[in-house]
Peer 1: 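Mind having a look at this structure? Questions to follow.
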Protein chains: 2
Amino acid sequence: MAEIDRMLEANKAWAAQFPGSKPVRPARKVAVVACMDSRIPLFGVLGLEIGDAHVIRNAGGVITEDTIRSLTLSQHALGTREIVLVHHTECGLQTTDDVSFADKVEAATGRRPPWAARTFTDVDDDVRESIRLIKESPYLLSHEVRGTVYDVDTGLLREITDRGPAA
Amino acid sequence: MAEIDRMLEANKAWAAQFPGSKPVRPARKVAVVACMDSRIPLFGVLGLEIGDAHVIRNAGGVITEDTIRSLTLSQHALGTREIVLVHHTECGLQTTDDVSFADKVEAATGRRPPWAARTFTDVDDDVRESIRLIKESPYLLSHEVRGTVYDVDTGLLREITDRGPAA
């Protein structure tokens, strides 16, 4: 059975105990930007309820043009005003670098990606870089942003500040 | 209290009952691409366990260069081979259009975004467009993709096929 068939089957159980509809505008006026990593169930990790917050996720949880597009829609069209970043320990993007990854894709497919993989070495620095990119964006209504690193071995979030890890 | 402070507090309860660590490679070899909408808790909706699947989310759940970057990393670096799309009913992107949204951002910030908001009118067509863009990408190892629409009022997923809604 394809994985999607398992998911469609599991969805019937979800719908059978569906908790009810909610408004389209996030109740807590927050957008979360997080890595796509499979070990971060954000609703549980952050204590979110259905309808609370937008959830934007990509490889690394990095700030790209598409992240800014999503945040701009989140704020201008749907009323969010805070941004929370969730990067994490043991990220797959720390196990390669942009050139090696492009080499790997080219060797396997015959095509070299024109975009960078956005690998990184220091996760705290990567959170600070994301904070900087959000603060610099001219399209957002609110630049209120704070960043965290999720420890995939303990489940704990650690806040990152401009000066270094929070006390 | 800022929303992130509430989240950091809630995270302590999560970590206190943390279910344990998992490998970085998704166990079910799936990447899910979904809309950022606040009403879609994907782990519950799809019956996912921690460590099962990558989760990529943006405004609309659309396929952009950043989505392809994330999927390429998911497949080449972390071994996924299936892609599942989750769009949904009552999407915020159906309430505006690209020109009106750019006008709105320009009026509020003085800057007109150089990127399109990627609004749409028919959600089934938007899923089919996402399937087409994934199948055309030269960077992926697997183009095995299926698409769904999540009903935010019932919790049910409906699969979309190339021919129209699945029976």
Side-chain angles (χ1 to χ4, degrees), chain A residues 2-4 7-8 10-11 14-15 18 21-22 24 26 28 30 36 38-39 41 43-47 50-59 64-66 69-70 72-73 76-78 82 84 90 92 96 101 104-105 108-109 111 113 115 117 138-139 141 146 152-157 159, chain B residues 2-4 7-8 10-11 14-15 18 21-22 24 26 28 30 36 38-39 41 43-47 50-59 64-66 69-70 72-73 76-78 82 84 90 92 96 101 104-105 108-109 111 113 115 117 138-139 141 146 152-157 159:
Chain A
E3 291 300 331
I4 186 177
M7 293 179 191
L8 289 169
N11 174 251
W14 168 262
F18 183 65
S21 58
K22 295 275 184 175
V24 66
R28 288 171 62 177
V30 186
M36 70 179 179
S38 66
R39 297 163 295 179
F43 281 71
V45 166
L46 301 176
I50 295 173
D52 273 353
H54 281 143
V55 181
I56 300 161
R57 303 184 67 164
N58 65 21
T64 64
E65 180 177 279
D66 195 48
R69 177 187 68 87
S70 297
T72 304
L73 280 155
H76 288 265
L78 295 162
E82 283 186 51
V84 174
E90 296 173 33
T96 183
F101 184 73
K104 184 184 177 101
V105 175
T109 67
R111 292 282 294 268
W115 34 261
Y139 309 113
L141 287 172
R146 285 163 64 185
V152 296
D153 288 323
T154 66
L156 271 174
L157 285 171
E159 185 171 4
Chain B
E3 291 300 330
I4 186 176
M7 293 179 190
L8 289 169
N11 174 251
W14 168 262
F18 183 65
S21 58
K22 295 276 185 174
V24 66
R28 288 171 62 177
V30 185
M36 70 179 179
S38 67
R39 298 163 293 178
F43 281 72
V45 166
L46 301 175
I50 295 173
D52 273 353
H54 282 143
V55 181
I56 300 160
R57 303 184 68 163
N58 64 22
T64 64
E65 181 178 278
D66 194 47
R69 178 187 68 86
S70 296
T72 303
L73 280 155
H76 287 265
L78 294 162
E82 283 186 52
V84 174
E90 295 172 34
T96 182
F101 184 73
K104 183 183 177 99
V105 175
T109 68
R111 291 284 294 269
W115 34 261
Y139 309 113
L141 288 171
R146 285 162 66 185
V152 297
D153 289 323
T154 66
L156 271 174
L157 286 171
E159 186 171 4

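Keep in mind that what you see is a predicted model, and the values were worked out from it rather than measured.
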Peer 1: Which is it for A:Ser38 and B:Asp52 under the side-chain contact (heavy atoms from CB on, under 4.5 Å) test, yes or no, and what are the steps along the way?
Peer 2: CA-CA 6 Å; A:Ser38 66; B:Asp52 273 353; 5.9 Å; no

Peer 1: Between A:Glu82 (side chain) and B:Glu3 (backbone), is there a donor-acceptor pair under 3.5 Å?
Peer 2: yes

Peer 1: Please classify the contact between B:Asn11 and chain A as side chain, backbone, both or neither, with a heavy-atom cut-off of under 4.5 Å.
Peer 2: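 For B:Asn11, heavy atoms of backbone and side chain both lie under 4.5 Å from chain A.
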
Peer 1: Using a 3.5 Å distance criterion without hydrogens, assess whether the side chain of A:Arg39 forms a donor-acceptor pair with backbone atoms of B:Gly51.
Peer 2: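 A pair under 3.5 Å: no.
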
Peer 1: Got A:Asn58 and B:Asn58 here, is their nearest side-chain heavy-atom distance under 4.5 Å?
Peer 2: no

Peer 1: Do you know which of A:Val24, A:Val152, A:Thr109 has the most heavy-atom pairs under 4.5 Å to chain B?
Peer 2: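 Most heavy-atom pairs under 4.5 Å with chain B: A:Val24.
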
Peer 1: Are the side chains of B:Met7 and A:Val84 in contact, using a 4.5 Å heavy-atom criterion?
Peer 2: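 Yes, at least one pair of side-chain atoms sits under 4.5 Å.
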
Peer 1: Of all residues at least two apart in sequence or in a different chain, which pass the salt bridge (Lys or Arg N to Asp or Glu O under 4.0 Å) check with B:Arg57?
Peer 2: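 By the salt bridge (Lys or Arg N to Asp or Glu O under 4.0 Å) rule, B:Arg57 matches no residue at all.
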
Peer 1: Do any N or O atoms from the side chain of A:Arg69 and from the backbone of B:Ala117 form a donor-acceptor pair under 3.5 angstrom?
Peer 2: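 Present.
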
Peer 1: Name the region of B:Val45, side chain, backbone, both or neither, that has any atom closer than 4.5 Å to a heavy atom of chain A.
Peer 2: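 Contact with chain A involves both backbone and side-chain atoms of B:Val45.
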
Peer 1: Could you tell me which of B:Ser21, B:Ser70, B:Ala10 has the largest number of non-hydrogen atom pairs under 4.5 Å with chain A?
Peer 2: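 Among B:Ser21, B:Ser70, B:Ala10, the one with the most close pairs to chain A is B:Ser70.
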
Peer 1: For the interface with chain B, which of A:Gly44, A:Gly92, A:Gly47, A:Ala77 has the highest count of heavy-atom pairs at distances below 4.5 Å?
Peer 2: A:Gly44

Peer 1: Distance check, rounded to the nearest 0.5 Å: A:Leu46 atom CG versus B:Trp14 atom CH2?
Peer 2: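 If we round to the nearest 0.5 Å, A:Leu46:CG and B:Trp14:CH2 are 10.0 Å apart.
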
Peer 1: Between B:Ile50, B:Thr154, B:Ile56, B:Leu141, who has the most heavy-atom pairs with chain A when the cutoff is under 4.5 Å?
Peer 2: B:Thr154

Peer 1: If you take all heavy atoms of A:Lys104 and B:His76, which pair is closest and at what distance?
Peer 2: CE-O, 2.8 Å

Peer 1: I need the A:Asp66 CG to B:Thr64 OG1 distance, nearest 0.5 Å.
Peer 2: 3.5 Å

Peer 1: Distance from B:Leu78 atom CG to A:Met36 atom CE, nearest 0.5 Å?
Peer 2: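 If we round to the nearest 0.5 Å, B:Leu78:CG and A:Met36:CE are 6.0 Å apart.
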
Peer 1: Applying side-chain contact (heavy atoms from CB on, under 4.5 Å) to B:Glu159 and A:Leu8, what does each step give before you reach the verdict?
Peer 2: CA-CA 8 Å; B:Glu159 186 171 4; A:Leu8 289 169; 3.7 Å; yes

Peer 1: Please examine the side chains of B:Phe18 and A:Asp153, heavy atoms only from C-beta on, and report whether any two atoms are closer than 4.5 Å.
Peer 2: no

Peer 1: By ring pair (Phe, Tyr, Trp, His ring centres under 6.0 Å), which residues pair with A:Tyr139, not counting sequence neighbours?
Peer 2: B:Trp115

